[in-house]
Amino acid sequence: MTIGAAATADAWSRRYYCEDIWRPFFVADPDRPGWLRSDRPGAFASSFPAVKARGTFRVFVLGGSIAKLLHEEQGPGDLGAALQEALPSLSVETLNCGMMGYDTFREALLEAEVLEYAPDLLVFLTGHYEGIDAVPVPIWVDDARARRKAIAAYRARLKTLGAAPGTRGGDSDAIADARDAAFARNLAENVRRARARGVEAAVVVPPRNYREPAEVGRTLHDARFLPGWLRFLRGDHRGARRLWRESLAGARGGDEKAFTWGFIARCEERLGLWAQARKSFERTARFDRTAMCGAAGQEAIRSVVKREGGIVVEADRMFRALAHPRMPGLETFNERKNWKPRLNRLVNLEIVSALRQSPRLRSLPWDRARIRKLKACAPKPGGPGTAEDGFLIMSYALVELSKPDFSRLSTLSVFYLDALLSERPGWFRDLPALVEQTRARRRQTHGDPLAPDAVLLARLHWHLGEVRLLRKERARAIKDFSRSLELDPKQPWALWSLALAQFLSGRRTLGERRLREAVRLAAGHPRRDDILAAAEVLSRPAPRAGRSGSSPRRPA
């Protein structure tokens with residue numbers, strides 16, 4: 001790691017993992033005597049009376065950014081509003097303590113504090129950001145001196161990582177096992193502590209980030225994956241499926257298997273094999289050990305919470321039941337921020353439903369008629385149903401293309417753009433205007449900049465060209481690749497993609513010329529070996545296309 005990268009990682013760790021970890025989350029509100037307010041950078045400006053009034057049902061939400069999002073959409077998307085609607089005869093106080101990057105260690109420190117504020121319920125939405133691989137410190141300590149030692153050990157462990165938490169491309173099964181075991185141990189203790197104080201604890205099994213990180217570490221142009229991808233682009237979905245299934249025997253790791261199973265599912269979707277597509281897609285989840293709250297983390301939540309007597313909220317099963325059989329085509333959008341407020345509303349309803357089944361909370365004055373009305377108004381998951389959804393998704397695509405170490409195809413962006421192009425085709429008629437609109441909206445909500453327009457437009461045209469290939473719009477793909485290279489001639493991967501488009505269009509001589517240019521341009525490129533390997537695969541004679549089967553029928 002370079003000095004600059006190490007400094008950036010250290011600053012990231014201090015900002016999200018060390019800052020304010022010892023200071024109380026809530027302090028006396030100077031503007032309202034007898035009230036407490038949040039006092040943590042990045043927290044909601046929430047406040048509540050220090051002494052809980054009679055007839056009040058007090059809820060604290062703990063977890064990382066996905067927990068924070070349950071409160072980010074005011075109105076129907078807000079958990080507090082949903083609970084108040086379901087319990088109209090009570091005064092519901094919902095204090096959302098979700099924080100960027102929180103893990104079970106810091107949730108334990110926060111839980112110890114909020115248990116002193118007479119809560120009736122703790123809602124945990126956790127597991128997406130277990131930033132420390134197997135936290136090596138006790139998370140529950142009652143002595144102040146011991147707690148300070150625990151925090152010091154936690155910070156020391158951070159320094160040994162050498163990079164910002166979340167960089168897990170090289171995770172081994174042993175590391176993943178240790179992380180999963182630590183998560184289960186910490187979560188069990190957190191639920192146990194709440195119940196020992198007579199407080200109910202509900203833990204959400206969150207929808208998994210289906211495209212993270214399997215498609216971050218790999219791309220469509222990896223030499224081992226490419227032969228199947230060429231068949232897929234030619235429409236030979238049976239042939240692609242067969243090649244990818246055969247390649248699994250030699251897969252080097254879980255991420256490669258996860259990536260491959262995901263595209264086997266895509267072949268089966270194109271062939272109309274919906275039941276097989278679902279099974280293949282679930283295999284992706286099992287092999288993707290590095291996923292934040294992947295299959296292992298979800299099962300840990302289910303087993304641990306049931307054992308400790310907590311309330312399990314099955315948001316993941318709910319989501320998959322609603323999204324299938326359109327999965328795996330829609331897992332592109334299962335990044336939590338792209339779904340708001342619709343996914344948040346559905347998760348909130350699952351929380352309400354789970355609470356009503358709890359023996360200790362069943363006797364609360366739930367208003368069934370209002371709950372039925374809430375459910376009737378809740379939209380189903382889907383693609384970018386609103387312009388705001390579309391701009392959020394566009395923002396995520398451009399963030400992928402803005403990364404300083406960007407050096408190869410961003411598979412995430414290709415599929416984001418593919419889905420968005422289907423829903424908002426008019427947006428792509430003026431790419432500079434689209435980039436500017438997206439930049440302005442992102443600056444308002446996040447404040448973090450994207451790459452300069454000249455950089456983004458070159459990469460955006462390249463990735464749109466890949467989308468055109470996926471759609472068999474090869475002439476338009478060639479135009480996009482050519483425009484990308486006009487804007488930035490020093491992109492060997494874009495030249496490689498142009499060669500691919502020309503090969504697929506039957507212009508083999510021209511494609512070979514472009515391929516030689518890409519190989520020359522790759523000298524000194526960080527992915528030079530990948531480009532050479534991919535060029536060697538592309539230069540082989542084209543196989544005879546098999547029958548791809550009839551067009552898939554949408555299931556009833």
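The structure presented is a predicted model; accordingly, all values stated were derived computationally and were not measured.
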Practice task
Would you check if D120 and V59 make a side-chain contact, meaning some heavy-atom pair closer than 4.5 Å?
Solution key: no

Handout entry: Close side-chain approach of F183 and T104, heavy atoms under 4.5 Å
Key = yes

Practice task
Examine distances only and state if a side-chain atom of Q84 and a backbone atom of L79 form a donor-acceptor pair shorter than 3.5 Å.
Solution key: no

Problem - Side chains of V305 and I311 in contact at under 4.5 Å (non-hydrogen atoms) - result: no

Fill in the blank from the handout: Value for CG (L87) from OG (S89), rounded to nearest 0.5 Å, stands at 6.5 Å

Problem - Q298 side chain to P206 backbone, donor-acceptor under 3.5 Å - result: yes

Exercise for the section: Walk me through it: do R302 and D316 pass the test side chain to side chain contact (heavy atoms under 4.5 Å, CB included)? Expected result: CA-CA 11 Å; R302 294 182 179 111; D316 179 66; 3.9 Å; yes

Fill in the blank from the handout: Between I301 and V204 the two heavy atoms that sit nearest each other are CD1-O, 3.7 Å

Practice task
Might you point out which heavy atoms bring G262 and T284 nearest each other, and give the distance in Å?
Solution key: N-OG1, 2.9 Å

Completion exercise
Heavy atoms of L456 and L398 approach each other most closely as CD2-O, 3.7 Å

Practice task
Start with the C-alpha distance between R185 and E189, add both sets of side-chain angles, then the distance that settles salt bridge (charged side-chain N to carboxylate O under 4.0 Å, His left out), and finish with yes or no.
Solution key: CA-CA 6 Å; R185 181 190 69 236; E189 186 66 16; over 6 Å; no

Handout entry: Interatomic distance, M394 atom CE to T438 atom OG1 [nearest 0.5 angstrom]
Key = 5.0 Å

Practice task
Could you tell me which non-hydrogen atom of L115 sits nearest to which non-hydrogen atom of P119, and how far apart they are?
Solution key: O-CD, 3.8 Å

Problem - CZ/R368: more than 12 non-hydrogen atoms of other groups inside 6.0 Å - result: no

Handout entry: Check: S47 side chain, R37 main-chain N or O, donor-acceptor pair, under 3.5 Å
Key = no

Practice task
Kindly assign one of parallel, tilted or perpendicular to the pair F26 and F48, based on the angle between their ring planes and the thresholds 30° and 60°.
Solution key: perpendicular

Problem - Backbone of A188 reached by a side-chain donor or acceptor of R307 within 3.5 Å - result: no

Handout entry: Atom pair CG (L36) and CD (E116), whose distance is rounded to the nearest 0.5 Å
Key = 12.0 Å

Exercise for the section: Go through the steps to decide whether D367 and R370 satisfy the test salt bridge (charged side-chain N to carboxylate O under 4.0 Å, His left out), and finish with yes or no. Expected result: CA-CA 6 Å; D367 190 316; R370 292 194 177 197; 3.8 Å; yes

Practice task
Please check if the side chain of S413 supplies one atom and the backbone of A397 the other of a donor-acceptor pair under 3.5 Å.
Solution key: yes

Problem - Side-chain heavy-atom pair R195, E200 within 4.5 angstrom cut-off - result: yes

Problem - Close side-chain approach of D39 and F25, heavy atoms under 4.5 Å - result: no

Exercise for the section: May I have the step-by-step check of side chain to side chain contact (heavy atoms under 4.5 Å, CB included) for T126 and N190, ending in yes or no? Expected result: CA-CA 11 Å; T126 187; N190 290 352; over 6 Å; no

Practice task
Answer whether the closest heavy-atom distance between the side chains of R266 and F415 falls below 4.5 Å.
Solution key: yes

Handout entry: Side-chain (S353) to main-chain (L349) donor-acceptor, under 3.5 angstrom
Key = yes

Exercise for the section: Answer whether the closest heavy-atom distance between the side chains of Y102 and L62 falls below 4.5 Å. Expected result: no

Completion exercise
In short, A251 meets K257 closest at the heavy-atom pair CB-CG, 3.5 Å

Exercise for the section: Taking the side chain as every heavy atom from C-beta outward, state whether R527 and T219 have any pair of such atoms under 4.5 Å apart. Expected result: no

Practice task
Calculate, to the nearest 0.5 Å, the distance between atoms CZ and CG belonging to R58 and L121 respectively.
Solution key: 13.0 Å

Handout entry: Full working for side chain to side chain contact (heavy atoms under 4.5 Å, CB included) between F57 and L361
Key = CA-CA 11 Å; F57 186 71; L361 300 180; 4.3 Å; yes

Completion exercise
Value for CE (M99) from CZ (R40), rounded to nearest 0.5 Å, stands at 6.0 Å

Exercise for the section: For the pair R356 (side chain) and R362 (backbone), establish whether a donor and an acceptor sit closer than 3.5 Å, ignoring hydrogens and angles. Expected result: no

Completion exercise
When every non-hydrogen atom of A451 is compared with those of S402, the smallest separation belongs to N-OG, 3.0 Å

Practice task
May I ask you to decide if F391's main-chain N or O and R441's side chain share a donor-acceptor pair within less than 3.5 Å?
Solution key: no

Handout entry: Gap between atom CH2 of W366 and atom CG of L83 - 0.5 Å precision
Key = 6.0 Å

Practice task
Quick one: do S46 and N96 satisfy side chain to side chain contact (heavy atoms under 4.5 Å, CB included)? Show the steps, please.
Solution key: CA-CA 8 Å; S46 53; N96 192 302; over 6 Å; no

Handout entry: Under 3.5 Å: donor-acceptor pair, side chain of R443, backbone of L450
Key = no

